[in-house]
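Please read all numbers here as calculations on a predicted model, not as lab measurements.
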Amino acid sequence: MFRLWGKIFKDTRLIKDTVICDDDSEKSRTKKIFDALSQICIEFDLSEPIWFDSTIKDFQIHDKTRFTSENFIDSIDFDFLEIQVIEE
């Protein structure tokens with residue numbers, strides 16, 4: 001089972017979080033990550049963030065990354081969205 005944890009932080013406090021599960025073993029890991037991120041954005045009513053090279057590298061190394069206001073086209077009312085793989 002694949003699980004991705006999405007968290008929104010403001011002023012160093014956790015404001016919202018959700019866990020997205022995916023049992024489809026046919027999908028690639030990348031597809032699972034993008035699908036789960038899409039679901040997180042729908043649940044939090046956000047536009048999907050842009051993946052920069054630094055964001056991708058961070059995620060590849062730590063299975064976790066942060067999307068700040070630079071990653072979003074729309075303005076956001078929080079400090080960052082963090083995603084983390086918690087189970088594969």
Side-chain angles (χ1 to χ4, degrees):
M1 174 184 290
F2 176 84
R3 295 187 324 161
L4 188 73
W5 188 12
K7 303 173 271 189
I8 290 181
F9 287 87
K10 184 171 184 169
D11 300 326
T12 69
R13 294 200 169 128
L14 178 66
I15 304 298
K16 293 181 187 176
D17 72 322
T18 188
V19 175
I20 305 298
C21 301
D22 191 340
D23 291 331
D24 188 356
S25 60
E26 299 291 317
K27 291 183 190 175
S28 68
R29 181 178 193 263
T30 304
K31 178 75 171 142
K32 289 178 184 180
I33 291 164
F34 284 125
D35 287 351
L37 180 57
S38 292
Q39 290 178 31
I40 289 169
C41 289
I42 289 169
E43 188 170 324
F44 292 159
D45 194 27
L46 300 172
S47 61
E48 289 197 32
I50 299 166
W51 289 81
F52 295 130
D53 289 340
S54 60
T55 315
I56 294 168
K57 188 173 184 170
D58 215 23
F59 193 78
Q60 289 171 335
I61 294 170
H62 305 291
D63 279 345
K64 174 167 110 173
T65 195
R66 291 181 176 177
F67 298 102
T68 61
S69 60
E70 310 175 323
N71 298 89
F72 291 92
I73 294 173
D74 301 330
S75 63
I76 57 172
D77 63 346
F78 53 88
D79 295 333
F80 60 88
L81 166 66
E82 182 176 277
I83 60 169
Q84 178 179 5
V85 175
I86 55 176
E87 184 178 350
E88 283 194 74

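The salt bridge (Lys or Arg N to Asp or Glu O under 4.0 Å) check on Lys32 picks up nothing, with sequence neighbours excluded. Checked against ring-ring contact (aromatic ring centres under 6.0 Å, His included), Phe80 has the following partners two or more places apart in sequence or in another chain: Phe9. Partners of Glu26 by salt bridge (Lys or Arg N to Asp or Glu O under 4.0 Å), not counting sequence neighbours: none found. Looking at residues two or more places apart in sequence or on another chain, you find a ring-ring contact (aromatic ring centres under 6.0 Å, His included) between Phe34 and Trp51. Take Ser28 and apply the side chain to side chain contact (heavy atoms under 4.5 Å, CB included) test, not counting sequence neighbours, and it matches Thr30, Lys31. For Ile76, the side chain to side chain contact (heavy atoms under 4.5 Å, CB included) criterion is met by Ser69, Phe72, Phe78, not counting sequence neighbours. For the salt bridge (Lys or Arg N to Asp or Glu O under 4.0 Å) test, no residue two or more places apart in sequence or in another chain qualifies with Arg13. In this view, Asp79 satisfies the salt bridge (Lys or Arg N to Asp or Glu O under 4.0 Å) rule with no residue, not counting sequence neighbours.
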For residues 57-64, dump all side-chain donor-acceptor pairs below 3.5 Å to protein atoms at least two apart in sequence or in another chain.
{"from": "Asp63", "atom 1": "OD1", "to": "Arg29", "atom 2": "NH2", "distance (Å)": "2.6"}

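From Glu82, atom CD reaches atom CG of Leu14 across 9.5 Å, with rounding to the nearest 0.5 Å. Once rounded to the nearest 0.5 Å, the distance linking CD1 of Ile8 with CD1 of Ile15 reads 8.5 Å. Of the inter-residue distances, the one linking Thr55 atom OG1 with Ile83 atom CD1 reads 9.0 Å to the nearest 0.5 angstrom. Summarising the geometry, atom OG belonging to Ser47 is positioned 12.0 Å from atom CD1 belonging to Ile42; distances are rounded to the nearest 0.5 Å. Here the CD1-CD1 distance, from Ile33 to Ile40, works out to 10.5 Å after rounding to the nearest 0.5 Å.
Residue pairs satisfying the salt bridge (Lys or Arg N to Asp or Glu O under 4.0 Å) criterion with at least one member in residues 39-50, sequence neighbours excluded, are absent.
Alongside Ile73, the hydrophobic cluster contains Ile50, Phe52 (criterion: ILVMFWY side chains under 4.5 Å). Applying the 4.5 Å side-chain rule to ILVMFWY residues, one finds Val19, Ile86 in the same cluster as Trp5.
Residues Phe2 and Ala36 come closest through the heavy atom pair CE2-CB, 4.4 Å. Heavy-atom minimum distance, Lys7 versus Asp17: CG-CB, 3.9 Å. For Asp35 against Lys27, the heavy-atom pair with the smallest separation is OD2-NZ, 2.9 Å.
In this structure the side chain of Pro49 never reaches within 4.5 angstrom of the side chain of Thr68, judged on heavy atoms.
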